[in-house]
There are 2 protein chains.
Amino acid sequence: MDESCTVYQAADFIGRRWTALILLELYKGESMTRRYSELKKRIPGITPKMLSMRLRELEREGLVKKTVDASEFPVKSSYSLTKSGKDFIKIIKVLKNWALTWKLDNKLCKNAECGKCPADNL
Amino acid sequence: MDESCTVYQAADFIGRRWTALILLELYKGESMTRRYSELKKRIPGITPKMLSMRLRELEREGLVKKTVDASEFPVKSSYSLTKSGKDFIKIIKVLKNWALTWKLDNKLCKNAECGKCPADNL
DNA sequence: TACACTGTACAGCTTTCATCCATGGTATCT
DNA sequence: AGATACCATGGATGAAAGCTGTACAGTGTA
C-alpha cells in the first residue's frame, strides 16, 4: 500500500479536512447538487479557498461534476455527485456505523439527530 | 462534523500514514496477532518511531490490544486486533471495493494479487 | 562482550491548512 | 450617486502538524 495504491489514496482522501463534509452536503442537496455559495453557507467555518480547492480535487478524482451557468449575470457554478461520488457515500455510512457500534460515547447520534452532524440521516 | 465527532475522527484516523497498513498486517497474523518486530519486518519503510506511535494510538482508540510477555528472555510485546479493530477491517474492505469499481487503472488488483498490497486477500 | 528485542530522542524536512487580500461585473440599499 | 455586498475564484505568506532518518538506550541471555 504505497502511494500508487488506490486504496491508500482513497483512505488518504477521505481523511482530509472538509472532504467528507462536502460530499455529504452534496448528497443532501436536491438531485445531489449544490451551488458553491450554498455549500459555503452550509459548511460553517470553511474558507472559500478551501472549498474551491476541495471541489477541484473532487472533480479531478471524478466524484463530483461541475456545471457552470454562464447565461446568467453573476456566473453560477453547480456541483453534483457523480455515480462514483454517490457510491463513496456508502464508505462514510460504514464508517459511521462502526463509530456507532464501538464508540459508546457516541450514543447521541444513535438516539437523536445531533443537529450539528451532516451525517445524521445516513 | 467538527473534531468531537466520532465519524470525523475515524475518517481522520484511517487516512493517517501506516494506520491501515498496520491493521491489515495484524489482520493477517495468526489469531490476528503480531509482535513488534514482525510488524517492523513486514511493513517496509516504517520507522520504529512511527510504528510505536501508531500502535499506541490504535491501543488508545481500542482497536488493538497490547500484551507483554515478560516471562521470556528479551521481553516480547504482542499486538492483536480487538473486536472493534477487526470490525474496522471491513471499512477498508468497502474502501477497496469502491476503488476497484471506480478507479479503472486499478484492474491489477482485481485480476491478481499485486503482491505489494497487504489488502490483497480482503 | 555481543546480540536480540522493544522501543525513545533529537533534528530536520514536507504537507496541510488558515488568514489576508485581489478580481470585476451586478444588484441592492441609502 | 455612492457605498456596499454578492458570486466564484486564486495568490502569497506563514504557522502548525505530520512524517522521516538516524542514532542510541534498557534489559536480559549466551
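Here the structure is a predicted model, which means the values were calculated and not measured. Naming convention: chains lettered A, B, ... in sequence-line order (proteins, then strands); numbering from 1 in each chain. The basis for the numbers below is simple: all heavy atoms, side chains too, and nothing from hydrogens, waters or symmetry mates.
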Trace of the side-chain contact (heavy atoms from CB on, under 4.5 Å) decision for B:Thr82 with B:Val64 | CA-CA 5 Å; B:Thr82 61; B:Val64 157; 5.6 Å; no
Got a sec, which residues hit side chain to side chain contact (heavy atoms under 4.5 Å, CB included) with [X], two or more places apart in sequence or on another chain?
X       : result
A:Pro48 : A:Tyr36, A:Lys40
B:Asp87 : A:Trp98, A:Trp102, B:Lys90
B:Thr47 : B:Lys49, B:Met50

What string of B, S and - do you get for nucleotides 3-16 of chain D, 5' to 3', when a contact is any protein heavy atom under 4.0 Å?
-> -----BBSBB----
Kindly state which residues belonging to residues 11-32 of chain A come within less than 4.0 angstrom of DNA chain C, counting heavy atoms of the residue only, listed by number.
-> A:Arg16, A:Arg17, A:Trp18
Between the main-chain N or O of A:Asp120 and the side-chain N or O of A:Lys96, is there a donor-acceptor pair closer than 3.5 Å?
->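 Flag set: sc A:Lys96 to bb A:Asp120 pair under 3.5 Å.
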Mind checking which nucleotides bracket the chain B contacts on DNA chain C, 5' to 3', with an atom under 4.0 Å from a heavy atom?
->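 The contact span of chain B on DNA chain C goes from C:dC5 to C:dC10.
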Under 3.5 Å, sequence neighbours excluded: what are the donor-acceptor pairs made by side chains of residues 13-23 of chain A?
none

Compile the donor-acceptor pairs under 3.5 Å between side chains in residues 25-35 of chain A and protein atoms, sequence neighbours left out, one pair per line.
| from | atom 1 | to | atom 2 | distance (Å) |
| --- | --- | --- | --- | --- |
| A:Glu25 | OE1 | A:Arg34 | NH1 | 2.8 |
| A:Glu25 | OE1 | A:Arg42 | NH1 | 3.3 |
| A:Thr33 | OG1 | A:Ser31 | O | 2.9 |
| A:Arg34 | NE | A:Glu38 | OE2 | 3.4 |
| A:Arg34 | NH1 | A:Glu25 | O | 3.2 |
| A:Arg35 | NH2 | A:Ser37 | OG | 3.3 |

Note: A:Ala99 and B:Thr6 closest approach over all heavy atoms is CB-CG2, 3.7 Å
List the steps, then state whether side-chain contact (heavy atoms from CB on, under 4.5 Å) holds for A:Arg56 with A:Met53.
-> CA-CA 5 Å; A:Arg56 235 183 305 134; A:Met53 277 180 61; 3.8 Å; yes
Side chain to side chain, A:Leu122 and A:Leu24, heavy atoms closer than 4.5 Å = yes
What pairs of residues pass the salt bridge (Lys or Arg N to Asp or Glu O under 4.0 Å) test when at least one of them lies in residues 58-79 of chain B, not counting sequence neighbours?
->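 Non-adjacent pairs meeting salt bridge (Lys or Arg N to Asp or Glu O under 4.0 Å): A:Lys103-B:Glu61.
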Transitive ILVMFWY cluster of B:Val68, excluding itself - 4.5 Å side-chain cut-off |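 For the cluster that includes B:Val68, the remaining residues are B:Val75.
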For the helix from C:dT1-D:dA30 to C:dT30-D:dA1, what angle lies between the axis at the first five pairs and the axis at the last five pairs, to 10 degrees?
->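 The end axes of the helix from C:dT1-D:dA30 to C:dT30-D:dA1 are about 30° apart, to the nearest 10°.
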